[in-house]
Number of protein chains: 2
Amino acid sequence: MQRCKVSSVIQQTQGRRARLRAQTTAEIKATALRLMSEGGTDAISLRAIAREMDMSASAVYSYFATRDELITTLINDVYSELVDRVEAARDACPADDPAARLQAWWRALRDWALAEPDGFRLVYGDPVAGYVTPVGGPAPRPSKRACLGLVELVAAAWPQAAPRQPPVEFSWSDFTPELADEIRRHLPDVSPGAVALAFRVWGRMYGLIGLEIYGHLRPSLPDPGALYEAELRDLVVSLGLVPPGQADGAAGH
Amino acid sequence: MQRCKVSSVIQQTQGRRARLRAQTTAEIKATALRLMSEGGTDAISLRAIAREMDMSASAVYSYFATRDELITTLINDVYSELVDRVEAARDACPADDPAARLQAWWRALRDWALAEPDGFRLVYGDPVAGYVTPVGGPAPRPSKRACLGLVELVAAAWPQAAPRQPPVEFSWSDFTPELADEIRRHLPDVSPGAVALAFRVWGRMYGLIGLEIYGHLRPSLPDPGALYEAELRDLVVSLGLVPPGQADGAAGH
DNA sequence: AACGTTTTCCGAACGGCGTTCAGTTTTCAC
DNA sequence: GTGAAAACTGAACGCCGTTCGGAAAACGTT
């Protein structure tokens with residue numbers, strides 16, 4: 001009885017301590033993101049965070065061993081939220097309309113990038129001065145999720161897309177064993193060519209967004225949205241999901 | 001006579017002073033680029049440059065009003081050299097082979113990006129911590145050169161490419177007046193649709209390079225070169241410069 | 001050849017940064 | 001209640017960009 005009570009108290013107090021710790025950790029991350037939204041990624045500094053939270057700078061080291069560890073955590077959080085969002089946009093489209101699902105995915109990505117350009121920098125660019133990315137990448141889990149999601153989308157188009165692809169052959173040995181295993185486990189019916197195509201699609205759409213975010217489009221093109229839509233349109237046509245020259249049912253944007 | 005001599009002496013000494021100044025300026029820039037190649041863009045600091053040159057940090061301010069001004073100059077230099085390079089690669093191909101010229105341009109860009117990833121970050125990404133880009137962009141001249149060169153390349157393919165484009169109409173009013181005037185002055189025969197297509201092509205190829213440079217490809221794809229070649233191949237096919245499914249004469253890479 | 005001005009350069013300083021460390025306070029388990 | 005572990009503080013170190021007063025050199029003019 002006593003033992004039980006004690007143990008429950010222990011659990012309770014441990015729970016309390018852990019809860020406080022989790023709470024402070026969350027506050028640190030939230031403060032960091034707020035500072036970023038107010039002053040860009042460079043505004044994320046341990047000292048500024050500590051100042052905002054009325055604590056000393058060195059106290060933050062009880063929660064993150066180093067600034068880069070905090071940045072890595074932020075990248076993971078932001079990236080995960082991004083993947084949640086594009087997946088939600090994709091799943092809002094009917095499962096039997098692969099063109100709509102693909103376009104929704106990429107529209108959601110651009111919308112997010114425009115809404116939170118600093119988040120985009122954090123995830124896809126050079127995050128912050130002097131940050132060195134850990135081995136295996138800063139955010140392996142969300143990036144794997146994004147990769148699988150995109151491969152799945154492209155794979156759905158593969159039957160129509162395959163004959164339209166350039167005669168460049170790909171095999172599983174072109175990819176790292178980790179990726180090949182991952183894909184074959186989750187998406188056993190996908191071919192290496194579809195994976196390669198997914199990466200090419202990724203580059204295509206990421207490129208326009210990156211140019212826009214990094215300011216290479218605006219000086220010439222006041223509204224890159226139309227350009228993005230054209231590329232999106234060309235994309236689904238090139239994948240054979242939509243006949244050329246016709247409006248596709250997934251417009252409505 | 002005497003007047004003439006005096007004036008010549010003046011010119012000489014003025015020339016000497018200016019020469020010394022230009023020399024020191026060049027040394028500062030060279031040192032900055034060396035530091036960047038050794039330690040990344042974050043290694044570019046006025047203090048480090050001064051240290052390397054055996055002078056005080058404040059002395060650098062006689063040559064650049066601020067660190068950002070130095071960065072801006074570096075961006076211009078690096079960008080200009082990049083444009084020189086891609087233009088040279090393009091011009092090494094016969095004028096009557098637009099597919100080869102286009103592919104040479106983009107191959108040269110990727111080769112340069114891989115050889116000098118920090119230069120790529122400087123020109124196309126977030127250059128350096130806390131750097132605020134001046135109004136009108138950090139490097140309007142080289143970026144205008146790159147834009148015109150690319151538009152010219154795409155315009156050469158426009159007759160074949162136009163019917164293959166998605167039915168998204170563009171007009172000169174979609175672009176800033178500066179760009180529209182610039183293009184109509186230098187390339188009077190180019191249509192707005194061709195310009196839009198040029199930007200889309202830019203995004204396409206920039207995207208793959210950016211993903212590779214920022215480390216989003218390597219963890220999954222040991223050799224993104226094949227992917228890039230496939231995209232390049234698909235590009236010239238989609239522009240109607242090469243019939244699909246056949247090897248094009250511009251391979252040899 | 002000498003004078004006054006402009007340019008160049010130095011050294012110290014300010015506030016910011018990440019990080020470390022010795023020491024203190026608080027919290028927790030027993 | 002006591003000892004250990006965790007959280008926290010304040011000072012310090014070396015880095016950064018930038019400013020400022022003053023010294024040194026180079027320069028144009030007389």
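Chain letters run A, B, ... following the sequence lines, proteins first and then strands; every chain starts at 1. A quick note: this is a predicted structure, and the numbers were derived from the prediction, not measured.
For the side chain to side chain contact (heavy atoms under 4.5 Å, CB included) test, no residue two or more places apart in sequence or in another chain qualifies with A/Ser62. Under the salt bridge (Lys or Arg N to Asp or Glu O under 4.0 Å) criterion, B/Glu182 pairs with B/Arg185, sequence neighbours left out.
C/dG18 atom C1' lies 14 Å from atom CG of A/Asp42, rounded to whole Å. Across the protein-nucleic acid pair, A/Gln23 atom CD and D/dA7 atom P stand 13 Å apart, rounded to whole Å. Atom CZ in B/Arg21 sits about 15 Å away from atom P in C/dT6, given to the nearest Å. Atom C1' of nucleotide D/dA7 and atom CD of A/Glu27 are separated by 15 Å, given to the nearest angstrom. At whole-Å resolution of the value, CG in B/Asp54 and C1' in C/dC10 are 14 Å apart. Rounded to an integer number of Å, the gap from OH of A/Tyr131 to P of C/dG18 is 15 Å. The distance from atom CD1 of A/Ile28 to atom C1' of D/dC8 is 12 Å, rounded to the nearest whole Å. Atom CE of A/Met53 is separated from atom C1' of D/dC8 by 12 Å (rounded to the nearest Å).
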For nucleotides 21-24 of chain D, tabulate all protein N/O to nucleotide N/O atom pairs closer than 3.5 Å, reporting atom names and distance.
none

Measure all distances between protein nitrogen or oxygen atoms and nitrogen or oxygen atoms of nucleotides 15-20 of chain D, and list the pairs falling under 3.5 Å.
| residue | atom | partner | partner atom | Å |
| --- | --- | --- | --- | --- |
| D/dC16 | OP1 | B/Ser45 | OG | 2.9 |
| D/dC16 | OP1 | B/Arg51 | NH2 | 3.4 |
| D/dC16 | OP2 | B/Arg51 | NH2 | 2.3 |
| D/dG17 | OP1 | B/Leu46 | N | 3.0 |
| D/dG17 | OP2 | B/Leu46 | N | 3.1 |
| D/dG17 | OP2 | B/Arg47 | N | 3.1 |
| D/dG17 | N7 | B/Arg47 | NH1 | 2.5 |
| D/dG17 | O6 | B/Arg47 | NH1 | 2.6 |
| D/dT18 | OP1 | B/Thr66 | OG1 | 2.6 |
| D/dT18 | OP2 | B/Tyr61 | OH | 3.1 |
| D/dT18 | OP2 | B/Thr66 | OG1 | 3.2 |
| D/dT18 | OP2 | B/Arg67 | N | 2.7 |
| D/dT18 | O5' | B/Tyr61 | OH | 3.3 |
| D/dT18 | O4 | B/Arg47 | NH1 | 3.4 |

Using distance only, find each side-chain donor-acceptor pair of residues 201-211 of chain B under 3.5 Å and give its atom names and separation, not counting sequence neighbours.
| residue | atom | partner | partner atom | Å |
| --- | --- | --- | --- | --- |
| B/Arg204 | NE | B/Glu231 | OE2 | 2.6 |
| B/Arg204 | NH2 | B/Glu231 | OE2 | 3.0 |
| B/Arg204 | NH2 | B/Asp234 | OD2 | 3.2 |

Side-chain donor-acceptor pairs of residues 126-133 of chain A under 3.5 Å, sequence neighbours excluded:
| residue | atom | partner | partner atom | Å |
| --- | --- | --- | --- | --- |
| A/Asp126 | OD1 | B/Arg121 | NH1 | 2.7 |
| A/Asp126 | OD2 | B/Arg121 | NH1 | 3.3 |
| A/Tyr131 | OH | A/Thr72 | OG1 | 2.7 |

Using atom types as modelled, flag every donor-acceptor pair under 3.5 Å from a side chain in residues 139-151 of chain B to any protein atom, sequence neighbours excluded.
| residue | atom | partner | partner atom | Å |
| --- | --- | --- | --- | --- |
| B/Ser143 | OG | B/Pro140 | O | 3.4 |
| B/Arg145 | NH1 | B/Asp84 | OD1 | 3.3 |
| B/Arg145 | NH2 | B/Asp84 | OD1 | 2.8 |
| B/Arg145 | NH2 | B/Glu87 | OE1 | 3.0 |

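For residues 36-48 of chain B, the salt bridge (Lys or Arg N to Asp or Glu O under 4.0 Å) pairs, not counting sequence neighbours, are B/Arg34-B/Glu38. Legend: salt bridge (Lys or Arg N to Asp or Glu O under 4.0 Å) pairs involving residues 63-82 of chain A, not counting sequence neighbours, sorted by first then second residue: A/Lys29-A/Asp77, A/Glu81-A/Arg85.
When heavy atoms are screened at a 4.0 angstrom cut-off, B/Tyr63 is found touching the sugar-phosphate backbone but no base atom.
Note: A/Tyr79 and A/Tyr124 meet the aromatic proximity criterion, with ring centroids under 6.0 Å apart.
Between the side chain of B/Asp174 and the backbone N or O of A/Asp223, no donor-acceptor pair lies under 3.5 Å.
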